[in-house]
Protein chains: 2
Amino acid sequence: MNGKPADLRVVRTKQAIRAALIALIEEKGFEAMSVKDITEHANINRGTFYSHYEDKFDLMDKCQQQLIEEMEIKIIRNIPQLIEGMKQSQNGTAPFAVPVPLFEFLHDNKSLMKALLGPRGDAGFQVKMKEFLSQALFERNKDVLVNGGNALVPPHYLSSYIASAHIGVIQEWLNGDTNEPPEEIARIISTMTINGPLFAAGLKGKDQA
Amino acid sequence: MNGKPADLRVVRTKQAIRAALIALIEEKGFEAMSVKDITEHANINRGTFYSHYEDKFDLMDKCQQQLIEEMEIKIIRNIPQLIEGMKQSQNGTAPFAVPVPLFEFLHDNKSLMKALLGPRGDAGFQVKMKEFLSQALFERNKDVLVNGGNALVPPHYLSSYIASAHIGVIQEWLNGDTNEPPEEIARIISTMTINGPLFAAGLKGKDQA
DNA sequence: TAAGATAATAAACAAACTGTCGTTTTAGTT
DNA sequence: AACTAAAACGACAGTTTGTTTATTATCTTA
C-alpha cells in the first residue's frame with residue numbers, strides 16, 4: 001500500500017502536526033483553531049503545512065480515515081478467526097472476545113481517540129464510529145437484525161441503541177482515570193448488552209422498572 | 001424571567017439568525033460557517049449580528065442553553081407529578097411515561113435538535129444532552145446507581161451506557177423518515193433498556209450471545 | 001396617528017488568517 | 001561528499017473579523 005520508504009523529515013513533520021491537532025482539539029476545539037495555531041504549536045512553517053494538507057479539514061479527514069482503516073484491518077478482518085478460536089476453546093470465558101481487540105486498539109490510540117470523541121471533538125467521527133461498531137458487532141450475524149420475526153423493536157433502532165451505548169462507555173473509559181484493562185471494559189459492556197443494563201445494575205431483568 | 005416586552009424587529013432578527021444557523025449547520029457544519037454566511041443567509045446586516053451576539057460561538061452557546069433550560073423546565077420539573085400520576089392509574093400501560101414529554105419536546109424542536117445532534121452538529125451538545133438524560137432518567141432513583149451492592153458493572157459506566165444509547169435512538173429517530181409518534185419511541189427505547197437490547201431483538205435474555 | 005425611541009442598514013477600518021509562490025537554507029539519502 | 005528533497009523564509013492579494021460612524025427604517029406608546 002505504501003511504496004515509498006519515507007523521508008525522516010516528513011514523518012517528523014507529520015507527527016508534529018498530528019500532535020498539535022490533538023492538543024488543540026482538547027485546548028480550544030477544532031472549529032476554533034487556525035492553521036496558524038497548528039503550525040505554531042508544531043513548530044513548523046505554515047507553508048510546510050500546506051505542502052502536506054489542503055487545509056485543516058483535509059488534515060482532520062486524513063487522521064480519521066487512517067484510524068478507521070486501521071480498525072477495519074485489525075478488527076473486522078480478525079473477527080472470523082476470533083470466532084473460530086471461540087469454537088475451539090468451548091469454555092464460557094470468551095464470549096467477550098470480539099470487542100477486546102477493539103478496546104486494545106482504542107487504548108493504543110488513546111490521545112487521538114479521546115480528542116475526537118471528546119466534548120470538543122467531531123460529531124462526524126462519532127457517526128463513523130457508530131457505523132463501524134454496527135458493522136463489527138452485527139456483521140457475523142446479520143440475521144439477528146433482519147429476521148426479526150419476534151423482534152420487539154425495529155432493527156435499526158436496535159443497532160443505533162447498542163452502537164451508541166458502546167460509544168458512550170468508550171468515552172467514559174477514555175476520559176476516566178480508572179484505566180481498566182481492555183478485557184475488563186469488554187466484560188462490562190458485554191454484560192450490559194447481553195443481560196440488559198438494568199439487570200447489570202442489580203435489578204431484575206424483566207418486571208421492575 | 002423576561003422583563004422586556006420585546007421589539008418585533010428583534011424577534012424577527014433573532015429568528016432569522018437562528019434559522020440560518022440551523023440551515024448552515026446542516027449545509028456545511030458549524031466549523032465551516034462564517035458570521036458572514038449567517039448574516040447573508042438571514043438577510044441581515046453583519047453589524048446587526050454583532051449587536052446581538054459576540055460571535056458565532058456565542059450564538060451557538062445561547063441556542064443550546066435555551067434548549068437545555070426549556071428541557072429542564074418541561075421535563076425534569078415535571079417528573080414528580082408524572083410519577084404521582086403513574087401511582088394513581090396503577091395499570092401497566094404507563095411505565096414509559098417519563099420519557100414521553102422528552103420525545104414530545106424533541107419533536108417540537110426537531111430542526112434545531114436534528115442539526116445539533118447530527119453529523120455536522122456539536123459534540124459538546126451531545127455531552128450536555130447526556131448529562132441531562134442521566135439526570136432525567138436516574139434522578140428519581142439515585143440509589144439504583146449508588147447502592148450497587150449487587151451491581152455487575154461500575155455505576156458510571158451504566159449511566160453512560162444508557163444515556164448514550166438514548167442519544168443514539170434519538171438521532172436515528174430525528175434523521176429517519178418514519179416519524180414514529182413520541183409514545184412509540186418511548187416504548188421502543190424503554191423496552192430495550194428494561195429487557196435488554198438483545199432480548200428486545202428477539203433473542204433470549206441471558207444465555208445465547 | 002404622530003413623536004420619540006431604538007433597531008437595522010450602509011460603509012469604512014485595521015487586524016488577523018488564508019492559500020499560494022518563488023527563493024534560500026537545511027537536512028536526509030545514497 | 002554530492003545529490004536531492006523538504007523545510008524555512010518572506011511576500012502577496014483576497015477574506016473574514018470585530019468595531020465604529022452616520023443614516024434610514026420601523027416599532028412602541030401616548
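Every chain is numbered from 1, with letters handed out A, B, ... down the list of sequences. Since this is a predicted model, take the numbers as computed values, not measurements.
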Query raised in the report: Between B:His107 and B:Phe103, is there a donor-acceptor pair closer than 3.5 Å when you use the side chain of the first and the backbone of the second?
Result: no
From CD of B:Glu31 across to C1' of D:dT16 the rounded distance in Å is 17 Å
Separation of D:dG18 atom C1' from B:Leu59 atom CG, nearest Å, is 16 Å
To the nearest angstrom, the NE2-C1' distance between B:His52 and D:dG18 comes to 16 Å
Of the listed C:dT18, C:dA7, D:dA8, the closest approach to the A:Tyr50 side chain comes from C:dT18
When rounded to whole Å, the CG to P distance for the pair B:Asp58 and D:dT19 reads 11 Å
Closest to the side chain of A:Arg12, out of C:dA27, D:dT26, D:dG18, is C:dA27
DNA chain D nearest-nucleotide lookup for B:Leu8 and B:Lys56: closer to the 5′ end is B:Lys56
Rounded to the nearest 0.5 angstrom, the NZ-NZ distance for A:Lys36 and A:Lys56 is 14.5 Å
B:Ile38 atom CD1 is separated from D:dT17 atom P, nearest whole Å, by 8 Å
To the nearest angstrom, the CZ-P distance between A:Arg46 and C:dC21 comes to 13 Å
note: B:Gln15, atom CD; C:dA8, atom C1'; distance rounded to Å ~ 16 Å
Checklist entry - Side-chain donor or acceptor of A:Arg9 under 3.5 Å from a matching atom on the base of D:dA7? => result no
Minimal heavy-atom distance between B:Ile38 and B:Ile17, with the atoms involved, is CG2-CG2, 4.2 Å
### Message
Just by distance, no angles: are the side chains of B:Ser164 and B:Lys130 close enough, under 3.5 Å, to form a donor-acceptor pair?
### Response
yes
Residues B:Pro197 and A:Pro197: closest non-hydrogen pair is CD-CD, 4.0 Å
Inset, instruction - Determine the contact category for B:Thr48: base if any of its heavy atoms lies under 4.0 Å from a base atom, sugar-phosphate if only primed atoms, P, OP1 or OP2 are that close, otherwise nothing. - result: base
State yes or no: are the ring centers of B:Tyr161 and B:Tyr157 separated by less than 6.0 Å? no
> Is there a donor N/O on one and an acceptor N/O on the other, under 3.5 Å, for the side chain of B:Asp7 and the base of C:dA7?
Replying inline: no
The bend of the helix from C:dT1-D:dA30 to C:dA12-D:dT19, taken between the axes of its five terminal pairs at each end and rounded to 10°, is 30°
### Derivation of the salt bridge (Lys or Arg N to Asp or Glu O under 4.0 Å) call for B:Lys128 and B:Glu131
CA-CA 5 Å; B:Lys128 288 181 198 156; B:Glu131 284 167 7; over 6 Å; no
Contacts of A:Thr13 and B:Ser34 projected onto DNA chain D by closest heavy atom; the upstream (5') one is A:Thr13
Atom CZ of B:Phe49 and atom P of D:dT16 are separated, to the nearest Å, by 15 Å
| Touch check for B:Asp37, heavy atoms < 4.0 angstrom, all strands: base, sugar-phosphate only, or nothing? | nothing
